[in-house]
Amino acid sequence: MALFCNIIISPKPFVLSCSYQKTHLSKTPQNTKQDAIFKIKGPATLSGHITISGSKNSSLALLAATLCCSGSSLLHNVPNISDIQAMASILCSLGAKVESFDGKMMVNSDGVGKIEVDLEEMRKIRGGFFVIGPLVARFGEAVVALPGGCNIGKRPVDLHLRGLRALGAVVELRDGKVCAHTANGKGLVGGRFRLDYPSVGATETLMMAASMADGITLLSNVAKEPEVVDLARFLNDSGASIEGAGSDTLVIWGKSQLYGSECVIRPDRIEAGTFMIAAAITRSCISMSPVIPSRVSCLIDKLSEAGCKISQVDQHTLRVSAVPALYPGGDDLKSFGIKTSPFPGFPTDLQPQIMALLTTCTGSSLVEESVFDNRMSHIITCLLPSSMKSALSIISFSLLLWIARELQKLGARIQVNGNSAIVFGKDKGSSLCGSRVIARDLRGGASLILAGLAAKGTTEIHKIEHIERGYENIVTKLQNLGADIERLTPPSLSSLL
Ligand code: EPZ
């Protein structure tokens, strides 16, 4: 440990070989060959304790922020998942030195010589766009390929760009790339910007940019997500001066230089939430740590409303029990409604998982998605009213066909209308039974695992690379809880389509 301390306290450069690309990128986590699948035998009963990994979304933001810092930054508890690999690859492609060992990542961006993030890299991960703020702030310019939409929505970046303009950047779109540079050729300048929507990404981009702008910046209607708070803490530890993280207004006093610092990545609240729902959908009792209860409070309320017993074993350990015997009156988990919204509202990244749970509850539930415009793709059934079908663009219709076919194979009964859905419980026509399904995105994929754990028989999930983007060792963790799940590399997939 002494060695790291030297690096952090004294800004003396510590040269690291860019071994990261060679050693790690070739060995993608768990060798996620394209045609690997998950095979689950259900219904499962889970028990025991699992450890929650570091947050994917905090890690991505902090890795982008290391571009602001002179010297080396050391991040502890970084999850070994492909999204992190992709971000590290972007940093390396810009010339940063990245070293990763035993769940830690050391990044030194003093050698950054390139300011362009190419399309190939951007294709791998949307979060890569967040580097635009640090690059313009520290190096005066950036060229970043426009991140396309993904399976959960159009995902525009207009707020990032308008915010950068408010800080004195000239921003142009050229050949599908965002080209930004400081208007005065020197640096960004503090200013005021109100976000039309509390976007997490735009808040993070502008917070990083303003941390190195000349003067004071006031950002209002910003995101209050815990990942934003984690980023502000890291930047402040690196010498920035940010106030208000976690509220809807940020005041930032810009600094000419930030220095690498050390930070422990907080536990992943969405992974914790996914396992809490795993306990509920399998009517089991499990405990997990580390968890920061205030970061999953919305879910705790909803699961308690359904009839689960959630107890705090100690400061960072939660136990979730949905064992039938415990329910008042002995019947089963009751249905409940959710509407996703920015933090502290119900997280959109747990909406698909909750959908799977609600198909096993008693009664029907209304689920509304208000954050992303296409995050219902993991459930749609052919029950869609004809007017709805025509409204959908050809592309999303083929997606609907795909998904509808997959979920019906799992026996769920859900009716979608635009961005809301009625979920029919087990007494209203849903009865989960094993089948072969295809993951279309990270959280939709996680909901298929949960449905597979509760379903009778065998479920095969294909395109698991979507899931392994954001869940570290999910198969091992579920096996340790007693689930019958395997990761297999079967012969080619085509025969199943
Ligand atoms: C972050 O995405 C997370 N990703 C997402 O998690 C999460 O779902 C989302 O925040 C909401 O909580 C990372 O942190 C890497 P947004 P982000 O900007 O920043 C609109 C997961 O599964 N918007 O808050 O891209 C946008 O279209 C991922 O881990 C604009 O209109 O989300 C969307 O409807 C998926 N203009 C809404 O805001 C902009 O410039 C929320 O997006 C930016 C966003």
Side-chain angles (χ1 to χ4, degrees), residues 53-65 79 81-84 86-87 90 122 124-133 144 146-166 171 173 178 193-209 219 221-231 248 265-266 268-274 295 298 340-353 368-378 419 439-447 466-472:
S53 301
S55 161
K56 164 181 85 77
N57 291 343
S58 289
S59 303
L60 291 173
L62 271 69
L63 282 169
I81 50 179
S82 52
D83 267 13
I84 299 296
M87 184 59 116
I90 287 176
M122 277 308 298
K124 292 186 203 140
I125 173 173
R126 276 188 51 74
F129 190 79
F130 301 170
V131 301
I132 193 168
V144 181
L146 260 180
C150 71
N151 293 335
I152 62 174
K154 287 194 277 309
R155 314 288 297 267
V157 291
D158 56 313
L159 296 172
H160 300 243
L161 307 187
R162 284 169 43 212
L164 285 173
R165 288 194 183 105
V171 182
L173 294 183
V178 176
F193 183 66
R194 178 178 168 72
L195 283 72
D196 303 351
Y197 182 91
S199 149
V200 175
T203 301
E204 293 172 339
T205 293
L206 300 176
M207 187 156 66
M208 291 186 272
L219 298 175
N221 194 31
V222 297
K224 299 179 223 170
E225 265 70 3
E227 294 75 26
V228 170
V229 174
D230 293 347
L231 176 61
D248 60 10
I265 301 286
R266 289 340 190 231
D268 195 308
R269 64 189 171 104
I270 304 298
E271 184 198 13
T274 302
R295 294 187 174 195
C298 224
T340 66
S341 61
F343 191 87
F346 193 91
T348 177
D349 294 343
L350 287 175
Q351 175 256 91
Q353 298 92 316
E368 295 168 88
E369 171 57 51
S370 81
V371 176
F372 288 112
D373 52 5
N374 188 24
R375 193 161 219 176
M376 289 287 179
S377 60
H378 58 287
N419 266 357
R440 298 285 312 163
D441 70 280
L442 169 58
R443 308 304 174 183
S447 78
H466 288 292
I467 301 170
E468 293 182 331
R469 280 186 40 218
Y471 289 95
E472 185 178 39

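Every number for a ligand or one of its atoms is a count from 1 in the order of the listing. The shown structure was predicted, so the numbers you read here are calculated from the model rather than taken from an experiment.
- Ser82 and Glu468 are not linked by any side-chain donor-acceptor pair at a separation below 3.5 angstrom, with hydrogens and angles left out of the test.
- By the criterion of a heavy-atom distance under 4.0 Å, the side chain of Asp349, and not its backbone, is placed next to ligand 1.
- At a heavy-atom distance under 4.0 Å, only side-chain atoms of Leu442, from C-beta outward, approach ligand 1.
- Those atoms of ligand 1 that come under 4.0 Å of a heavy atom in Gly201, given as number and element, are 18 (O), 19 (O).
- Short contacts between ligand 1 and Val371, defined as distances under 4.0 Å to a heavy atom of the residue, involve ligand atoms 33 (C), 34 (O), 37 (C), 41 (C).
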### Task
Show your reasoning for whether side chain to side chain contact (heavy atoms under 4.5 Å, CB included) applies to Arg266 and Val229.
CA-CA 10 Å; Arg266 289 340 190 231; Val229 174; over 6 Å; no
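- By the criterion of a heavy-atom distance under 4.0 Å, both the backbone and the side chain of Pro156 are placed next to ligand 1.
- Using a 4.0 Å cut-off between heavy atoms, Val200 contacts ligand 1 through both its backbone and its side chain.
- Contact atoms of ligand 1 toward His160: 40 (O) (distance under 4.0 Å to a heavy atom of the residue).
- Pairing each heavy atom of Ile125 with each of Asp83, the nearest pair is CD1-O, 3.3 Å.
- Residue Phe372 has no nitrogen or oxygen atom sitting less than 3.5 Å from a nitrogen or oxygen atom of ligand 1, judged on distance alone.
- Interface of Tyr197 with ligand 1, defined as ligand atoms under 4.0 Å from a residue heavy atom, comprises 37 (C), 38 (O), 41 (C).
- Looking at Leu159 next to ligand 1, an N or O pair under 3.5 Å apart turns up.
- Ligand 1 places these atoms under 4.0 Å from at least one heavy atom of Lys56: 21 (C), 29 (O).
- If you look at Glu204 next to ligand 1, there are no close heavy atoms at all, none under 4.0 Å.
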### Message
Determine whether Val200 and Val228 satisfy the following criterion, side chain to side chain contact (heavy atoms under 4.5 Å, CB included), listing intermediate values before the conclusion.
### Response
CA-CA 7 Å; Val200 175; Val228 170; 4.3 Å; yes
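- The two residues Lys56 and Gly470 come nearest to each other via the heavy atoms CD-CA, 3.8 Å.
- Polar contact with ligand 1: absent for Thr348 (N/O pair, distance under 3.5 Å).
- Nearest heavy-atom pair, Ile467 versus Ala446, reported as atom, atom and distance to 0.1 Å: CG1-N, 4.2 Å.
- Residues Val157 and Thr205 fail the side-chain proximity criterion, which asks for heavy atoms closer than 4.5 Å.
- Using cut-offs of 30° and 60° for the angle between ring planes, the His160 and Phe130 rings count as parallel.
- Heavy-atom separations between Glu227 and ligand 1 are all 4.0 Å or longer.
- Gln351 has its side chain out of reach of Arg443: every pair of non-hydrogen atoms, C-beta onward, lies at least 4.5 Å apart.
- Neither the backbone nor the side chain of Asp441 has a heavy atom within less than 4.0 Å of ligand 1.
- In this structure, Phe343 and Glu225 approach most closely via the heavy-atom pair N-OE2, 2.8 Å.
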